[in-house]
There are 2 protein chains.
Amino acid sequence: MTNTTLTPAQMAERTGVSLDTLRYYEREGLLDDVTRADNGHRRYSEDDALWIEVLRCLRATGMTIEQLRHYCELGAQGDTTKPERRQILLDHRRLIERQIEERQEALRLVDHKLEHYREIT
Amino acid sequence: MTNTTLTPAQMAERTGVSLDTLRYYEREGLLDDVTRADNGHRRYSEDDALWIEVLRCLRATGMTIEQLRHYCELGAQGDTTKPERRQILLDHRRLIERQIEERQEALRLVDHKLEHYREIT
DNA sequence: CAACAAGCTGGAGTGCACTCAAGGTCAAGC
DNA sequence: GCTTGACCTTGAGTGCACTCCAGCTTGTTG
């Protein structure tokens, strides 16, 4: 069993992305040419697993499917698109930073409201 | 014009919440008894403004409309619900902290990918 | 007074990201 | 040989949080 591929179920387990969502991402062009076993079943590679982790992370921080598709298309077009891909990541990085700031402010606000309840268990 | 109330437009401007969304929140029970001018137009108080800021903040950090409605209902039920309201805020606080951690991890991942592009402008 | 801006209501529509359903294939185990 | 389970495809359905629309009233302005 020195098999380096993952079944759909294993991938779902490992990445926390559901079977349906894995197929959905593939349909949307976020995951290209997943190899297949003889019976037509998907066999994900380790690289697929890493990329799906990236997808999960970018989605969780608010990148849309549309934006991810664009990023993937750029990747497929080769090295000339590297600057644009880099810019997309830089822009998203700033978005994440703003999200962190927004949440730190939210913590302050929640803490302020919690003071109002401080006398209780 | 020493008027301490805000028109819908002023409230939208101030809080960044759209007119439609302000009405939607009211319909959903997140905003009770907004006073009205003689002509039936809404006149928001300063307290409304503060509360809408809270709503915006909690929504922005992932509290659902349903949860917010529940929180509001508890508030309307009086002081006996204080412990539950406090617990809701504590739970949400933990959620926000997890979101910050998730985003800090996302930053690391994005930075890692950016290293791959470091040779470019 | 005409016309425009601001607001009102009830209800329908939208966009996004999944998520589910129906009907089928295929391999392994009893 | 039949059932079970994992997977397949296509296409429809769902849930959420808005967002828009039609048709109305009211107040202001040239």
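Here the structure is a predicted model, which is why all the values come from computation and not from measurement. Proteins come first, then strands; the chains are lettered A, B, ... in the order of their sequence lines, and each starts at number 1.
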Original post:
Which letters describe nucleotides 7-21 of chain D, given B = protein heavy atom under 4.0 Å from base, S = only from sugar-phosphate, - = neither?
Top reply: SSB-B-----BBBB-
Subject >> Side-chain heavy-atom pair B:L95, B:T61 within 4.5 angstrom cut-off >> reply: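 No. Closest side-chain heavy atoms not under 4.5 Å.
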Subject >> Greater than 12 external heavy atoms within 6.0 Å of A:E13's CD >> reply: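 No, the 6.0 Å shell around CD holds no more than 12 heavy atoms from other groups.
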**OP:** Mark yes when over 12 heavy atoms from residues, nucleotides or ligands other than A:R36 sit less than 6.0 Å from its CZ; otherwise mark no.
**Re:**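 More than 12 heavy atoms, drawn from other residues, nucleotides or ligands, come within 6.0 Å of this atom.
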**OP:** Taking side-chain hydrogen bond (donor to acceptor under 3.5 Å, both in side chains) as the test, write out the residues that go with A:R103, two or more places apart.
**Re:**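 By the side-chain hydrogen bond (donor to acceptor under 3.5 Å, both in side chains) rule, A:R103 matches B:Q99.
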Subject >> B:V54-A:L114 co-clustered via ILVMFWY side chain contacts under 4.5 Å >> reply: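 Yes: a chain of side-chain contacts under 4.5 Å links B:V54 to A:L114.
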